[in-house]
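All figures in this text were calculated on a predicted structure; none of them were measured in a lab. Along the sequence shown, residues are numbered consecutively beginning with 1.
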Amino acid sequence: MIHKSVAITDRSSIGEARRAALSAALSLGFSEERRSDIGIVATEAATNILMHASSGEIVLCPFSLGETTWLDMFALDSGPGITDIGMAMEDGFSSIGTAGQGLGAIARIANESSLHSMPGKGTAYWSRFSKGRAVPEMALGILNIPVQGEVVCGDSFYLNLGETSSTYMVVDGLGHGAGATEAASEAVTTVTRYAEEPLAPIVERTHDALKKTRGAAMSIARVDHDRLTLAYAGVGNISGILVSGTQSRSTVSQNGTLGAVLPRSVQEYNYPVDRNTLLIMYSDGLNTKLSLSSYPGLQNRHPALIAAVLYRDFSRKRDDATVLVAPLGASVA
């Protein structure tokens, strides 16, 4: 499903954001009443950006995973930020003399929502709308956004969330546009087909499948929730970081391009983790110096909000961008 970013630059952007949100909700099969709610939230969120920060973006991320369907909506800006978040969430509060209903209304309408704001760095507001089976609590956060001017994304991802283990994959087809999308889609198909195998054989099978495409970079991670271990294998420039408290470790990805140049021996690396560890995986559409160190307390927030802040502040804006954040101590009940 296509994730979309709508730039908020003037009053006409508000209507564009609303229409995009309604289209995403319709594609997921939300009821007419719920689609109306989602349109209201998009309008409120875009209006807040324009009035408080002058510019920003609304990001829409639809998901369908088994019996679970949801829409994540992010309102992102790099404006002055909010000094008192608690007060800003109260109905009737406004710093600019308006009715002040926006943030409070969004929190009531959404199934889940959260806000992060730092003076001088801007504000990120996340809302999740669920349909059918409830979304697993704290399961993950992911944004997968095509470069401006493209309607398809050359990055993609695979998820398999379970009670005892979960698997996460991020792939970046070379370049962008239709050819990159074809490569990424073939990688997802292959990983899905062989998902129960060890990681190194999955990477090798994906390499063979991508020989008919322009190729891709890919990393795949599998966490054992009971043993608290992470297995990781990657070829190319998909980056991985394990964050726990003040400690941060980069995972190892081997040089090469799936479909073109495979390492002589694909390696699977194993890492001990704890129940507070976050896995962050991202494509080269984000700066390699990505870090949470400048955001006190952010790593304890919902992973969707973390992913949004990282996308906002580290996206290069000249390539497709994907960032995935998963708490490794959380299994799916």
Once rounded to the nearest 0.5 Å, what's the spacing between atom CD1 of Ile280 and atom OG1 of Thr251? 10.5 Å

Result of checking Asp320, Asp155, Thr322 against Asn144 for side chain to side chain donor-acceptor pair (under 3.5 Å): Thr322

Specify whether Phe314 and Tyr295 have parallel, tilted or perpendicular ring planes, treating 30° as the upper limit for parallel and 60° as the lower limit for perpendicular. perpendicular

Rounded at 0.5 Å granularity, tell me how far OH in Tyr269 sits from CG in Leu230. 13.5 Å

Under 4.0 Å between a side-chain nitrogen and a carboxylate oxygen: does that hold for Arg108 and Glu44? no

Give me the one residue out of Lys211, Arg205, Lys212 that meets salt bridge (Lys or Arg N to Asp or Glu O under 4.0 Å) with Asp208. Lys211

Looking just at side-chain N and O atoms, do Ser5 and Glu57 make a donor-acceptor pair shorter than 3.5 Å? yes

Rounded distance (nearest 0.5 Å) linking atom NE2 of His52 with atom OG1 of Thr47: 9.5 Å

Just wondering, more than 12 heavy atoms not from Arg227 lying within 6.0 Å of its CZ? no

Interatomic spacing from CG in Asp313 to NZ in Lys121 - rounded to 0.5 Å: 6.5 Å

Has the side chain of Arg35 got a donor or acceptor atom that lies under 3.5 Å from a matching backbone atom of Leu26? no

Only one of Ile306, Thr123, Val309 forms a side-chain contact (heavy atoms from CB on, under 4.5 Å) with His116, so which one is it? Val309

Should Asp37 and Arg34 count as an ion pair when the cut-off is N to O under 4.0 Å? yes

Would you find a donor on one side and an acceptor on the other, under 3.5 Å apart, between the side chain of Asn111 and the backbone of Ser130? yes

May I ask whether Ile220 and Leu161 are part of the same hydrophobic cluster, defined by side-chain heavy atoms of I, L, V, M, F, W, Y residues being less than 4.5 angstrom apart, directly or through others? no

Give a yes or no answer on whether the side chain of Ser27 reaches the backbone of Ala24 with a donor-acceptor pair at less than 3.5 Å. yes

With no hydrogens and no angle check, do the side chains of Tyr232 and Ser219 hold a donor and an acceptor under 3.5 Å apart? yes

For atom CZ of Arg222, is the number of surrounding heavy atoms from other residues, nucleotides or ligands below 6.0 Å larger than 12? yes

When rounded to the nearest 0.5 angstrom, what is the spacing between CZ in Phe129 and OG1 in Thr69? 15.0 Å

Rounded to the nearest 0.5 Å, what separation is found between the OG1 atom of Thr277 and the CD1 atom of Ile241? 13.0 Å

Is atom CG of Asp226 surrounded by more than 12 heavy atoms (other residues, nucleotides or ligands) closer than 6.0 Å? yes

